[in-house]
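Both backbone and side-chain heavy atoms feed into the values below; hydrogens, waters and symmetry mates do not. The shown structure was predicted, so the numbers you read here are calculated from the model rather than taken from an experiment.
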Amino acid sequence: MGRMIAIALAAVLLTSCEQRTVHKTTEKLRTFDVAEPPSAPAAPGATTGPQIAYSYTVSYAFDRPTVAQVQGDQLALCRRMGSRHCLVVRSTLHTPGPNEHVAADEAMLLVDARIVAGLNQRLDALAIAGGARLSERQLTAEDVTRATIDADAKVRAKQALAERLLAIIRSGKGNVGELVQAERAYATTQEELDATRQEQAGLAQRVAMSSVTINYLYDATPGARSAVWNSVRSAGDTLAISLAALVSAVVAGLPWLIVGGGVVLLLRRMARNRGWRRPWGRSPPPSPSPSGDQVRDDAML
């Protein structure tokens, strides 16, 4: 009997040791081998990760009037990609006249941020093919994460308030004045919610679409030509300025010449009518002709 009791106690102890071993093994597996459970999904409209808005500025320099061709090719490329990937916001084009040596034009595009790098390379290729050279390139990154988070929070708060006010209005509890106030508050909240949603959409648009500003600089000033050409051009400019001054003087003095000439003619006419003559204009008196006796006396002598 005692032997059976001893065997039973030994079996209980062995079972207990096996359970402890299994428990420890299970704990070890849970600690090291079990994957971490997935995090809870973010709320709809919530901002995840940094929100960066990129803007690009590129300048092309031209020494011949091919700006219109290059700009037309670049804008056509953007339009072919569709408004979802590239949108022409504005563009200016000034055709320089025969005497104009400097002109500046501009174009602004909104490009999908995922493809903006490749599009910039294609724009550079079109500009170089049109005789332009890359003058300047700038990249600006603006962190709008805080503004986006604030806009999301405002939208959620305004939306929750609007839902509560709408529930009060639909319940019909309270007097007429309270219901009217609730309807007014609901309308005001809806207006604020719409404005906040527009702000939220604007921030999302700035992140999703990068702005690309293109400057076209045309400069054909003949400053890099030879010294002889510059001297000739300077002499021509001086001659032109002198002729312009002479023409201005003639035009300014012409009325006085007309008036002065008229006064002189009038004075001369009045003098003739009165018999006045200038001293230096009088003719000498005629000398008397010799008589016949004086002629005979001169002949006898």
Side-chain angles (χ1 to χ4, degrees), residues 35-60 74-75 77-92 104-124 127 134-170 181-217:
E36 184 179 357
S39 59
T47 301
T48 57
Q51 303 295 304
I52 309 298
Y54 293 96
S55 59
Y56 300 82
T57 302
V58 59
S59 300
Y60 300 113
Q74 292 179 339
L75 298 185
L77 172 63
C78 177
R79 292 189 178 98
R80 286 196 301 268
M81 298 175 64
S83 59
R84 295 181 59 184
H85 299 289
C86 186
L87 178 65
V88 179
V89 179
R90 70 171 182 268
S91 63
T92 61
D105 296 296
E106 185 185 45
M108 183 176 179
L109 313 177
L110 283 181
V111 185
D112 190 343
R114 297 169 296 181
I115 62 173
V116 64
L119 180 62
N120 283 333
Q121 294 178 358
R122 299 177 68 180
L123 294 176
D124 292 345
L134 181 62
S135 176
E136 184 180 6
R137 185 186 299 277
Q138 295 180 357
L139 170 61
T140 303
E142 182 181 359
D143 189 357
V144 295
T145 305
R146 175 55 57 187
T148 304
I149 293 174
D150 293 342
D152 294 344
K154 289 180 182 178
V155 168
R156 291 193 297 269
K158 295 295 182 183
Q159 190 170 3
L161 178 59
E163 291 175 355
R164 288 196 299 269
L165 291 173
L166 184 60
I168 293 173
I169 295 172
R170 288 178 176 177
Q181 291 180 359
E183 290 180 355
R184 291 177 179 175
Y186 175 74
T188 303
T189 303
Q190 279 295 121
E191 293 179 358
E192 295 175 352
L193 178 59
D194 293 339
T196 308
R197 282 175 175 170
Q198 291 180 0
E199 180 184 356
Q200 184 186 40
L203 291 171
Q205 177 77 5
R206 291 182 59 187
V207 175
M209 303 289 286
S210 300
S211 64
V212 178
T213 303
I214 307 174
N215 297 317
Y216 306 91
L217 307 176

Taking salt bridge (charged side-chain N to carboxylate O under 4.0 Å, His left out) as the test, write out the residues that go with [X], two or more places apart.
X: D105; result: none
X: R80; result: none
X: R122; result: none

For [X], which residues count as a side-chain hydrogen bond (donor to acceptor under 3.5 Å, both in side chains) partner, sequence neighbours excluded?
X: D150; answer: none
X: D124; answer: Y60, R137
X: R184; answer: none
X: R114; answer: D112

*Could you give me the CA-CA distance, side-chain angles and deciding distance for N120 and V58, then say whether side-chain contact (heavy atoms from CB on, under 4.5 Å) is met?*
CA-CA 9 Å; N120 283 333; V58 59; 5.6 Å; no
With sequence neighbours left out, what residues match [X] under side-chain contact (heavy atoms from CB on, under 4.5 Å)?
X: L166; answer: R170, Y186
X: A141; answer: I52, Y54
X: L119; answer: L77, M81, C86, V111, L123
X: T57; answer: Q138, T213, N215

*Might you point out which heavy atoms bring Q51 and D143 nearest each other, and give the distance in Å?*
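For Q51 versus D143, the nearest heavy atoms are O-OD1, 3.1 Å.
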*Could you pull out the closest heavy-atom pair between A182 and I168, with the gap in Å?*
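Shortest heavy-atom contact: CB-CG2, 4.4 Å.
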Rounded to the nearest 0.5 Å, what separation is found between the [atom1] atom of [X] and the [atom2] atom of [Y]?
X: L87; Y: M108; atom1: CG; atom2: CE; value: 10.0 Å
X: Q200; Y: I149; atom1: CD; atom2: CD1; value: 12.0 Å
X: S55; Y: L139; atom1: OG; atom2: CG; value: 7.0 Å
X: Q159; Y: Q190; atom1: CD; atom2: CD; value: 8.5 Å
X: E106; Y: L217; atom1: CD; atom2: CG; value: 10.0 Å

*Heavy atoms, side chains only, cut-off 4.5 Å: are V89 and L109 in contact?*
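Counting from C-beta outward, V89 and L109 never come under 4.5 Å.
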*asked:* Can you confirm whether H85 sits close enough to I115 that some side-chain heavy atom of one is under 4.5 Å from a side-chain heavy atom of the other?
replied: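 Contact flag for H85/I115 side chains = yes.
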*asked:* Suppose the criterion is salt bridge (charged side-chain N to carboxylate O under 4.0 Å, His left out): which pairs have a residue in residues 189-216, not counting sequence neighbours?
replied: E142-R206, K158-E192
